[in-house]
Each structure stands twice: as C-alpha cells, then as structure tokens.
There are 2 protein chains.
Amino acid sequence: MAATMNDVAQRAGVSVKTVSNVVNGYPHIRETTRARVLAAIEELDYQLNVAARNLRTGRTGIIALAVPELSLPYFAELADSVIQAADAQGLTVLIEQTGSRRERELEVLSGARRHLTDGLLFSPLALGDGDEQLLDVDFPMVLLGERLFPDTVDHVTMQNVEGARAATEHLLGLGRRRVAVVGVHPGEVVGSAGLRLTGYRQALEAAGVPWDESLLGEAGLWHRSTGASAMAHLLDSGAAPDAVFAMNDAMALGVLHELQVRGIRVPDDVAVIGFDAVDEGEYSNPSLTTVDPGREQIAETAVRLLVEQIADKRGTHRPRRVYADFRILERRSTLPA
Amino acid sequence: MAATMNDVAQRAGVSVKTVSNVVNGYPHIRETTRARVLAAIEELDYQLNVAARNLRTGRTGIIALAVPELSLPYFAELADSVIQAADAQGLTVLIEQTGSRRERELEVLSGARRHLTDGLLFSPLALGDGDEQLLDVDFPMVLLGERLFPDTVDHVTMQNVEGARAATEHLLGLGRRRVAVVGVHPGEVVGSAGLRLTGYRQALEAAGVPWDESLLGEAGLWHRSTGASAMAHLLDSGAAPDAVFAMNDAMALGVLHELQVRGIRVPDDVAVIGFDAVDEGEYSNPSLTTVDPGREQIAETAVRLLVEQIADKRGTHRPRRVYADFRILERRSTLPA
DNA sequence: GGGACGGTCTACAACGATGTAGCCTGTGGC
DNA sequence: GCCACAGGCTACATCGTTGTAGACCGTCCC
C-alpha cells in the first residue's frame with residue numbers, strides 16, 4: 001500500500017496539514033519541522049496522490065493536445081515541442097487524435113475530458129466556417145496552427161499567407177514561370193489551404209505572372225500519397241510546370257517521389273518547395289527546400305497562453321492572436337541552376 | 001459551475017447513489033427511475049467528475065506511453081497505433097518522452113505519475129544490462145519493442161534476430177556479397193542493435209559469406225543524420241559495400257541521402273534495406289525496402305496485456321513475452337538488376 | 001504590563017464520487 | 001399466515017488532499 005499524508009504526519013509527529021504545507025512549499029514552517037517531515041517522506045517513499053489533490057483543487061496538471069494524426073510528421077514534431085514546453089511548466093500532456101474527423105473534433109470540444117485536464121491546445125482541421133460558436137467553450141483553450149476563427153479565443157498561428165508568398169517568390173526568383181501549387185481546396189478561404197493559395201496568388205501578381213488554373217493541384221488530405229497523385233495529375237494533364245509549391249512537406253515529398261519515378265530531374269527540370277520544415281525533408285533526395293513556420297515558437301507560445309488562461313480564473317482575459325516568425329530553409333530541391 | 005451528482009439527484013428526486021448506479025450501468029433499477037435520472041443528466045448537462053471517481057476507485061482510465069522521441073517517425077506511428085488501440089478499450093493515453101536519457105527513463109519507472117495512470121507501456125532505450133531490478137515495479141507495466149529483459153515482466157517485442165536475418169538474406173539473395181550493416185553498438189548484446197547484428201551474422205554464416213569488420217557501421221542514436229555519417233564513413237574507409245542493411249528506417253534514409261549526394265546509384269551500385277516500415281520509406285527516392293516489424297500488432301497486444309494486468313488486482317499473473325509477426329516489404333531500393 | 005502582531009501549527013470540513021450496510025416492498029413457497 | 005428472498009433504493013462513511021478558522025507562543029512597542 002502506498003503511503004498517504006496521514007502516514008507521513010504520524011511518523012513526523014505533525015498534522016496532515018503541515019505535511020501538505022511542506023509539500024507545497026508554504027513558507028512559514030520551522031526548519032526543524034520541515035526537515036522532520038521531509039525525512040518521513042523519504043523513509044516512507046511517500047508520493048503525493050494527484051487524484052486527491054485534483055479533487056480538492058480542481059486542477060490536474062494535465063493539458064490536452066488535440067491533433068489530427070501523430071503519424072503525420074508535422075504533428076508528431078509539434079507534439080514533441082508541446083510536450084517539452086509543457087514539461088518546462090510542470091505540466092503533462094495528454095494527446096487526442098481526431099483523425100481530421102469532424103465528429104471527433106466536436107467530441108474534443110464537448111469537454112468530455114474536461115475534468116481530466118486543465119486546458120486544451122486544439123489544432124482543428126475539419127471545423128470551419130460556421131462553427132464559430134462551437135469554439136465558445138467554458139474551459140481554457142488555445143487554438144493552434146492554421147485555421148482562422150473570429151477573435152473570441154486565443155490563437156497561435158503561422159504566417160500562412162506571407163509564408164506561402166515567400167515560398168512562391170523563391171521559385172519565381174529562380175526564373176521559373178510555370179509554378180504549380182499542390183494542396184488546393186477549391187472554394188476554401190479561411191483554412192490553411194485558402195490562405196496559402198492567397199499567398200501564392202499575391203506572389204504571382206506581384207511578379208506579373210499570369211494566373212493559370214491548370215497549375216492548381218487539388219489534394220484534400222495533405223499526405224504524401226495525395227501529393228504524389230496531385231503531381232501525377234498535373235503532369236498527365238500537360239500543365240508542364242517548371243516548379244511546384246506544395247502546401248506542406250508531406251505532399252512535397254510525394255511530389256518529389258512522383259517526379260523521381262518519372263525520371264524528371266529536381267531541381268533542373270522542376271524545382272520544389274514545401275511548407276512545415278519537418279525533419280524528413282532534410283534527408284530526402286534531393287533535400288527539400290521549405291518554409292519553416294516556427295513550430296517551436298508556436299508550441300511555446302501556445303503553452304504559455306494556455307497557462308495564463310488557466311491562472312486567470314476570472315475569465316477576464318481578452319483573446320489574443322500570435323503569429324510565429326517564419327523563414328525559408330533553402331536546400332537542394334530549389335538549387336539555382 | 002458544473003453540475004454534480006448531487007444536483008442530478010435532487011432534480012430527479014433520488015439519492016446520489018442511485019444516480020451513480022445509473023451512470024455505471026448497475027442493472028437493478030426501475031426503468032422509470034432510470035429514465036428520470038437520465039433526463040436530469042441531460043437537462044443539467046451533467047458530466048462525471050473523473051477526479052472524484054479516481055480518488056474513490058483508484059482507477060483513472062489513463063495509461064502512460066513512454067517513448068524516446070515522438071519526432072522519430074517510428075515512435076510517432078507507434079504512438080498513433082497505441083492511442084487507437086487504447087481508445088478501443090476506452091482508455092486515454094498520456095505520452096512521456098524520455099529523450100533516450102537514462103535519468104528520464106528512471107523517472108518514468110519511479111512512478112511519479114503512478115496516481116495519474118493505471119499502467120505504463122514502456123519502450124526503454126537507455127536502460128540495459130544490470131537494470132533488471134529497476135523494472136520490478138509495483139504497478140502494471142508492459143515493455144515494448146526491442147530490448148530484452150528477464151522474464152519478470154510482460155514484454156511485447158519484435159523479432160529482431162529473425163527480421164534482421166531475413167533482411168540480410170534478402171540482400172544476399174540479390175547476389176550482393178559485400179553487405180554493410182549500419183547502426184552497430186559495439187559490445188552490446190541484449191539491445192536491438194546487438195540482436196539485429198546477430199541476425200545479420202547468422203545470415204552471412206548460412207550463406208558462407210565471410211565476416212568483415214570493415215563493413216560494420218557504428219551509430220549510437222538511430223537517426224537520419226547518424227545513418228548518413230555512418231555511410232559516409234564506410235565509403236571513405238574504402239570498405240566498398242554493394243549493399244547496406246540499416247538497423248532502422250531513419251538511418252536507412254540517411255544512408256540513401258548520403259549515397260545520392262555522392263552520385264552512387266541505388267539499388268544499382270548499392271542496395272539498401274531498412275527496418276521498421278515507417279510511412280516515410282514508401283515515398284523516399286528510391287522507395288525503401290524494409291522489415292515490417294508488426295507495429296500495429298505490437299500496439300494492440302501491448303494494450304491488451306496491460307488491460308489484463310490492470311484487471312488482475314491480485315498480481316497473480318505470470319509474465320508473458322509476445323513476438324509480433326514480421327515480413328519484408330520489398331520496394332525499389334533493392335530492386336533486382 | 002497589556003495589546004497587537006506575525007510565525008507556526010492544528011482541527012475540521014469539504015471536494016464529488018463509490019462501497020457497504022441495510023431498509024422497505026412485493027412475490028412465492030410451504 | 002409466515003418466512004425467505006430478491007429487487008430497488010437510501011444513508012453514511014470514505015478515498016487523500018487542501019482551504020478556513022483559529023489556537024498558541026513569543027516579540028515588540030507604548
């Protein structure tokens with residue numbers, strides 16, 4: 001049987017509350033008493049029962065992170081960063097996978113695990129326009145990543161438009177004029193697909209390059225496989241791109257793969273740039289130029305905002321939106337000729 | 001304020017315990033009563049306070065998964081599989097990253113979060129020979145993956161020796177005779193590096209191919225970068241391999257990268273095979289032949305064993321060791337000439 | 001010398017659920 | 001008509017901690 005505070009108290013000859021005070025660092029305790037209590041804790045190998053503290057204080061020390069899929073490298077690396085940032089604040093992370101399914105995302109928001117966690121970092125994919133009121137929850141939450149929602153909730157996001165624009169400009173700067181884009185969601189405006197497409201369009205306009213519908217590669221889910229098939233479709237349709245901006249790295253790697261299978265040289269025939277800066281792109285063949293969206297900064301900021309929300313019991317905080325810094329990581333897939 | 005069982009009980013005109021019974025599916029309740037309670041729950045939007053239940057029952061419904069790093073694709077995909085398997089059993093997963101650091105692995109075992117979780121799935125890397133007694137913990141635990149420990153604890157592992165042997169035989173079957181191996185940990189026997197090296201050796205012996213020290217590529221951490229530098233070292237040393245067995249996929253991808261940078265053709269000049277079957281290898285250039293160690297089977301089995309341990313309060317269960325099925329996934333990096 | 005005050009500590013209630021014991025009521029068997 | 005018994009429910013204690021109120025002691029100041 002595990003020891004309780006009571007056992008420790010008896011052994012140290014003090015009240016339970018004093019043990020509690022020692023454990024929680026309450027300052028007004030005589031040194032000798034504190035030493036006795038600590039010794040008793042040591043001897044009994046006492047461990048605080050978190051469940052009991054939770055019940056009493058209403059805090060759990062756990063935050064939830066809801067992401068689409070851990071098997072997507074970006075989210076795995078994001079989770080890594082979040083866990084480390086949370087660790088630094090003494091928090092533990094509980095991961096929920098939504099599988100990009102709307103129903104699972106709603107479940108996360110419904111707060112079924114509300115009592116288990118102090119707050120939620122949420123990276124939604126399936127929710128979108130018209131779901132604003134669903135995000136008006138009564139527990140601490142910070143939205144992560146890409147979608148834009150009204151200013152009713154804290155939001156840490158990457159610079160989708162600017163990053164996409166910079167990526168496209170990077171390709172145009174190589175002298176490429178037939179720049180395809182992969183990952184388009186037709187009709188979407190507020191999602192990351194819509195925003196990144198806007199950045200792409202801005203870059204073309206600024207450079208005076210005409211808009212060409214045939215260079216738009218659609219892809220619903222942003223996986224390696226969908227990137228590969230979007231590229232295949234672009235090639236088969238005769239669009240003849242000389243560069244590709246893939247809206248994330250996973251698709252960019254699919255694009256590289258498809259090009260390589262067909263014997264098309266990268267970057268000589270087609271230059272490729274991605275978005276996300278996952279580790280994988282550093283060792284692909286050729287290595288992948290990409291937009292680094294500031295993943296660690298996003299994780300750290302998000303955890304910090306969440307902690308602030310949790311501390312602010314009155315609910316008086318006003319929602320904030322934070323944009324992370326981005327930069328282009330230049331590698332071989334866009335090496336100048 | 002969130003509603004409690006007391007609120008529900010008052011509204012339904014029954015005792016708290018009856019509400020508890022309804023919530024927990026206790027059978028002997030009149031239909032009309034059950035309906036009244038359910039209605040009250042609905043009206044008040046009542047959610048069970050898990051912390052309180054935890055305190056009373058000692059169960060939390062959370063299991064911990066301790067892995068080295070989520071940013072390593074294999075562990076991200078393993079986590080994905082574990083979360084899904086746990087979900088199917090109504091369990092939530094809390095992920096701990098040990099960063100392969102011995103001190104963090106010990107912390108996990110010390111059970112600091114014992115009160116927060118019902119059990120632990122543990123994939124140790126830094127612990128090894130001589131640490132057996134540390135694994136003799138007094139909470140439910142299942143060891144995952146690769147290292148072998150004495151039979152005092154449940155263990156779900158991949159077939160390291162057999163898989164490595166099959167991988168090496170696959171290369172030998174292509175007619176290659178100078179088969180390098182990457183990821184060697186000199187002196188190690190029980191770890192996955194030691195076991196996979198044994199499989200490699202067995203395959204060579206069976207084929208009558210002489211053992212050549214110069215074909216052993218060392219790599220402490222099994223990352224892409226260490227795979228690349230081990231390959232660079234092999235090439236620079238003049239070992240002149242015509243095939244490489246990388247002990248995991250991450251290193252294999254680093255190997256592919258290094259070969260490509262040097263203009264060495266795969267599989268024509270050097271054939272490459274990995275181990276783990278991460279998604280990434282399917283879209284690398286060229287796509288990566290690998291050993292599929294049965295990741296999902298491992299995850300499902302591990303969760304099942306853990307659930308059994310948790311249910312078995314008496315601690316009468318006898319430790320089991322389960323080996324997952326493996327198979328070779330043949331892709332282009334070992335395409336016959 | 002008495003009152004104010006801060007430091008140190010204790011007793012007790014409370015968080016929200018569940019386990020245990022036991023009270024009714026109705027049914028069936030003898 | 002009485003007892004045994006099961007179904008349906010309630011009352012109360014309890015899990016291990018923390019918040020609140022207050023007791024006690026010594027110091028300091030007027």
Side-chain angles (χ1 to χ4, degrees), chain A residues 1-38 40-41 44-62 111-118 139 310-311 313, chain B residues 1-38 40-41 44-62 111-118 139 313:
Chain A
M1 276 323 336
T4 74
M5 266 193 186
N6 214 327
D7 304 333
V8 175
Q10 289 200 325
R11 181 162 194 121
V14 297
S15 75
V16 222
K17 180 66 209 200
T18 299
V19 178
S20 170
N21 286 337
V22 169
V23 168
N24 291 287
Y26 180 74
H28 304 302
I29 300 178
R30 206 178 306 158
E31 254 330 299
T32 57
T33 313
R34 180 193 309 278
R36 272 214 319 284
V37 170
L38 289 177
I41 287 177
L44 295 174
D45 193 23
Y46 167 73
Q47 303 238 4
L48 181 75
N49 183 326
V50 194
R53 167 187 277 178
N54 292 354
L55 176 57
R56 191 61 241 233
T57 64
R59 292 277 193 78
T60 69
I62 307 181
R113 309 222 202 269
R114 179 191 337 207
H115 290 297
L116 225 53
T117 56
D118 296 338
F139 51 85
I310 294 170
K313 298 159 198 173
Chain B
M1 277 323 334
T4 73
M5 264 194 186
N6 214 327
D7 303 334
V8 176
Q10 290 201 325
R11 181 160 193 123
V14 297
S15 75
V16 221
K17 181 67 213 208
T18 299
V19 177
S20 170
N21 285 337
V22 169
V23 169
N24 291 288
Y26 180 75
H28 303 302
I29 300 179
R30 208 178 303 155
E31 256 326 302
T32 57
T33 314
R34 180 194 309 278
R36 273 214 319 285
V37 170
L38 289 176
I41 287 177
L44 295 174
D45 193 23
Y46 167 74
Q47 303 237 5
L48 181 75
N49 183 325
V50 193
R53 167 186 279 180
N54 292 355
L55 177 57
R56 193 58 241 236
T57 63
R59 291 280 192 79
T60 68
I62 306 182
R113 309 224 202 269
R114 179 193 337 209
H115 290 297
L116 225 52
T117 56
D118 295 339
F139 51 84
K313 298 158 199 173

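Numbers restart at 1 for each chain; the letters A, B, ... are given by sequence-line order, proteins then strands.
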Would you kindly give the CG-to-C1' distance between N54(A) and dG16(D), to the nearest whole Å? 11 Å
Is the shortest side-chain N/O distance from S20(B) to OP1 or OP2 of dA17(C) below 4.0 Å? no
As a check of understanding: the bend across the helix from dG1(C)-dC30(D) to dC30(C)-dG1(D), end axes from five pairs, rounded to 10 degrees, works out to 40°
Assign N24(A) to base, sugar-phosphate, or nothing according to its heavy-atom contacts below 4.0 angstrom with the strands shown. sugar-phosphate
What's the CG-P distance between N6(B) and dC12(D), to the nearest Å? 14 Å
Of all residues at least two apart in sequence or in a different chain, which pass the side chain to side chain donor-acceptor pair (under 3.5 Å) check with T18(B)? S15(B)
Contacts of N49(B) meeting side chain to side chain donor-acceptor pair (under 3.5 Å) (sequence neighbours excluded), chain-then-number -> none
What does the B/S/- profile of nucleotides 5-14 of chain C look like, 5' to 3', with a 4.0 Å heavy-atom cutoff to protein? --SSSBB-BB
Distance, rounded to the nearest Å, where L44(A) contributes CG and dG16(D) contributes P: 14 Å
Under 3.5 Å, is there a donor-acceptor pair linking the side chains of D118(B) and T60(B)? yes
Spacing of R59(B) atom CZ relative to dG19(C) atom P, expressed in whole Å: 10 Å
Which salt bridge (Lys or Arg N to Asp or Glu O under 4.0 Å) pairs, counting each pair once, include a residue from residues 28-37 of chain A, with sequence neighbours left out? E31(A)-R34(A)
Whole angstrom value for the distance that separates P of dC15(D) from CG of N49(A): 12 Å
Check the distance between dG16(D)'s P and L116(B)'s CG and give it to me in whole angstrom. 16 Å
Listed partners of R53(B) passing side chain to side chain donor-acceptor pair (under 3.5 Å), at least two apart: N24(B)
Looking only at heavy atoms, which two atoms of L55(A) and A51(B) are closest? And how far apart? N-CB, 4.1 Å
Return whichever of V19(B) or T57(B) has its heavy-atom-nearest nucleotide of DNA chain D closer to the 5' end. V19(B)
Atom pair distance, as rounded to whole Å: CG in L55(B) and C1' in dT17(D): 8 Å
Pairs meeting criterion salt bridge (Lys or Arg N to Asp or Glu O under 4.0 Å) with involvement of residues 2-28 of chain A, two or more places apart: R11(A)-E43(A)
Qualifying residues under side-chain contact (heavy atoms from CB on, under 4.5 Å), relative to V16(A), sequence neighbours excluded: M5(A)
Whole-Å gap separating P (dG16(C)) and CD (Q47(B)): 14 Å
So, for T4(A) and Y46(A), which heavy atoms are closest and what is the spacing to 0.1 Å? C-CE1, 3.5 Å
